[in-house]
Each structure stands twice: as C-alpha cells, then as structure tokens.
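Within every chain, numbering begins at 1; the chains are lettered A, B, ... in the order of the sequence lines, protein sequences first and strands thereafter.
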Number of protein chains: 2
Amino acid sequence: MCDKLKNLKNNEFKIALLLSQKILSAKELQNLINVDKATIYRNIKNLLKKEIIREIKNSNGVGFYELNCKIHNPIHPHFECIICNKIYCLKALNSEDVLALSNYSPFEIKEIEVKFKGICNECKK
Amino acid sequence: MCDKLKNLKNNEFKIALLLSQKILSAKELQNLINVDKATIYRNIKNLLKKEIIREIKNSNGVGFYELNCKIHNPIHPHFECIICNKIYCLKALNSEDVLALSNYSPFEIKEIEVKFKGICNECKK
DNA sequence: ATAGAATTTGCAACTTAATTGCAAATTTGA
DNA sequence: TCAAATTTGCAATTAAGTTGCAAATTCTAT
Ligand SMILES: [Mn+2]
Ligand SMILES: [Mn+2]
Ligand SMILES: [Zn+2]
Ligand SMILES: [Zn+2]
C-alpha cells in the first residue's frame, strides 16, 4: 500500500484508498461511500492540504481527484472528452518535454498542467 | 481590425472588441460595458459557439475569454497565479513542442491546453 | 471499561458562476 | 413606417462547493 495512505483514518482513509485506484469526482465518491457531500468535500479539502491527493478540473468546473504520489502516480497529462467530460489519465511527460515547456513561462513555475481535449473512444461509437 | 470582428453587432461586437485587446472574465466585461450579466453570458456563449472567442478557466472555475484568431492571437499557454488567480497569456508553443506533446494522447486531439501555475510578479512583492 | 476531550459528521443554509423563461425593448428590413 | 425578428433586463433557477452548529463518533488517559 502507498505510504500516502498511512496515518489516515475514517473517511479520509476511505476516500484516499478509492482515489489510489482511480480518478473520481466528489459525486462519484459520494456514490461509493455513503456520507454527506459536506463530509466528502471537507475530507477532499483536508487531503488536498496534506498533498495526499491532487485536483483536476474539467471544463464544466467539476473537480476530479487522484492520489498525489510521485512513485505510484506521477503528475501526468489528462485527456478530457468534449462530449462526456470524462477525464482520462495519460502517461507522464518525460523530463525533456517538461523542460521544453517550462521555457515558455516568464514566472517561476510551481506546477505544469497539460490537458488534451477531443472525443473519447466511448463517445465515438 | 481583425476579421473575427466583422459582421458582429450590438453587445456581441462590444465584447469581442474588448477581448481582442485583453483576456477578461465575465465580471470584468460587465464592469466595462454596463449590461445585465445574463446579456454578458448569452453573448459570450454565442461568441464561443461561433468560435470568435475562446475560454480559459482558472482554478476557481471562473471563465476568462480572449479573441480566438489564429493570426492575431494563436492558441498559447497560460500562467495562473495561485495567489490572485489572474491569468497571464504567454507566447505560443512552436510546432515541435506541440508535436512532442500530442504523442502523449491515445485519442485524437482537438485542442491542447497548457497551464503553468505559480506566483506572479505582482503577488511576489 | 469509562468518562471527558477532541475530532468528525449530518443537516440545512449559504455562496458564486452560470443558465433560463418570459415579457419588454430594441433592431431590422420590406 | 410598421410588423417580424432579435436582443435585453429581470428574477428565478441550477450546480459545485462551503460553512455554522449541534449531534455523533473516536481518541486518550485513568
Ligand atoms: Mn490523472
Ligand atoms: Mn491567452
Ligand atoms: Zn467521452
Ligand atoms: Zn498574482
């Protein structure tokens, strides 16, 4: 089990465990563990502050969450389907490509987000 | 004047003209031209549908808009300040870097979004 | 095991960006 | 100039996310 899940208890643990398997929205999490949405959002906020999970927003402003672990889940680009707005996780950029991108910023970079948009295979059928 | 502004009238024209100068949010637009927010949002939606403007969302889910013209304003990466959430427009990626990025997607790409996050010069002071 | 303290939860009200129905106002064009 | 078409303002609504507060749960020390 990923170290990020150590020392977590109650719903914070349940949520982090689910997110270690798959990127999920708050609503999807709520359908999996039966608790109030306030509890879901509070736990998400705590996990974000502890940097145990990270957030990816889709074009509708809906947050999706995944485990934030360099080893088990390094930061990577995402693909968003413009039909169903599902978020797909892609393989991480190699260091040369990250370097090439970072040259475009005149300010010091804390984080790089790359998102592709198009129509996913499910929605093409 | 950019061709994208031709054949536009009323508030659609006013909004597109302002956005041809500078990226702005709906609220910022409303402070510049004195109309109801419903009018602002309806015109924004029409301009997006006509592909005259494009939308960039900040991490708070607030939409920012800019002229969508290959010649006058090619698609480019953005920098978002994690303190003030202001969006800065950066210079466009060159074609080699776009090509390198597009290799990461297993699905056909309609659009690539690159966003850097960090602290802007204003907020560093 | 038990009691008190600390943490977590559910509920309901709230915030904010964005959307929508509808009637009034404005614009268009024959 | 006048009727039709488009655009607008207003108010109500939607949806994601937040917050205050009291009740429930969990933790810790005896
Ligand atoms: Mn991912
Ligand atoms: Mn821009
Ligand atoms: Zn899809
Ligand atoms: Zn700033």
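- A salt bridge between Glu12(A) and Lys50(A) is present, with a side-chain N of the basic residue lying under 4.0 Å from a carboxylate O of the acidic one.
- From the 5' end on, the contacts that DNA chain C makes with chain B at under 4.0 Å to a non-hydrogen atom open and close at dA17(C) to dT28(C).
- Remark: the His76(A) side chain and the Glu66(A) side chain contain an N/O donor-acceptor pair separated by less than 3.5 Å.
- Asn43(A) has its CG atom 13 Å from the P atom of dT26(D), to the nearest Å.
- Spacing between atom CG of Asn60(A) and atom P of dT14(D) amounts to 17 Å, rounded to whole angstrom units.
- Within the structure, the ring pair (Phe, Tyr, Trp, His ring centres under 6.0 Å) test picks out the following pairs touching residues 105-125 of chain B (sequence neighbours left out): Phe79(A)-Phe107(B), Tyr88(A)-Phe107(B).
- Between Lys45(A) and dT19(D) there is a side-chain N or O to OP1 or OP2 distance below 4.0 Å.
- Among the protein residues, Lys37(A) comes within range of the nucleic acid bases, having at least one heavy atom under 4.0 Å from a base atom.
- Comparing the axis of the opening five pairs of the helix from dA1(C)-dT30(D) to dA30(C)-dT1(D) with that of the closing five pairs yields an angle of 30°, rounded to 10°.
- The separation between Asn58(A) atom CG and dA16(D) atom P is 10 Å, rounded to whole Å.
- Residue pairs meeting the ring pair (Phe, Tyr, Trp, His ring centres under 6.0 Å) criterion with at least one partner in residues 40-65 of chain A, sequence neighbours excluded, do not occur; the list is empty.
- Here Ser59(B) pairs with Glu80(B), Asn85(B), Lys115(B), Lys117(B) under the side chain to side chain contact (heavy atoms under 4.5 Å, CB included) rule; sequence neighbours left out.
- If you measure from atom CG of Asp36(B) to atom C1' of dT13(D), you get 14 Å, rounded to the nearest angstrom.
- Residue-to-nucleotide proximity on DNA chain C shows that, of Asn10(B) and Lys9(A), the 5′-proximal contact is made by Lys9(A).
- Ranking dT19(D), dA16(D), dA12(D) by closeness to the Ala38(A) side chain, first place goes to dT19(D).
- In this view, His72(B) satisfies the ring pair (Phe, Tyr, Trp, His ring centres under 6.0 Å) rule with no residue, not counting sequence neighbours.
- A distance-only check finds no donor-acceptor pair linking the side chain of Asn43(B) to the backbone of Asn11(B) [under 3.5 Å].
- Distance, Asn7(A) CG to dT26(D) C1': 16 Å, rounded to whole Å.
- Residue Lys27(A) has a polar side-chain atom (N or O) positioned under 4.0 Å from OP1 or OP2 of dA16(D).
- As a whole-Å value, the separation of Glu55(A) CD from dG17(D) C1' is 10 Å.
- Here dT25(D) presents its P atom at 15 Å from CZ of Arg42(A), a figure rounded to the nearest Å.
- Rounded to whole angstrom, the span from the OH atom of Tyr41(B) across to the C1' atom of dT13(D) amounts to 15 Å.
- For the atom pair CG of Leu19(B) and CG of Leu32(B), the computed distance is 9.5 Å after rounding to the nearest 0.5 Å.
- Of the possible donor and acceptor atoms, none in the side chain of Asn73(A) sits under 3.5 Å from a partner among the backbone N and O of Asn68(A).
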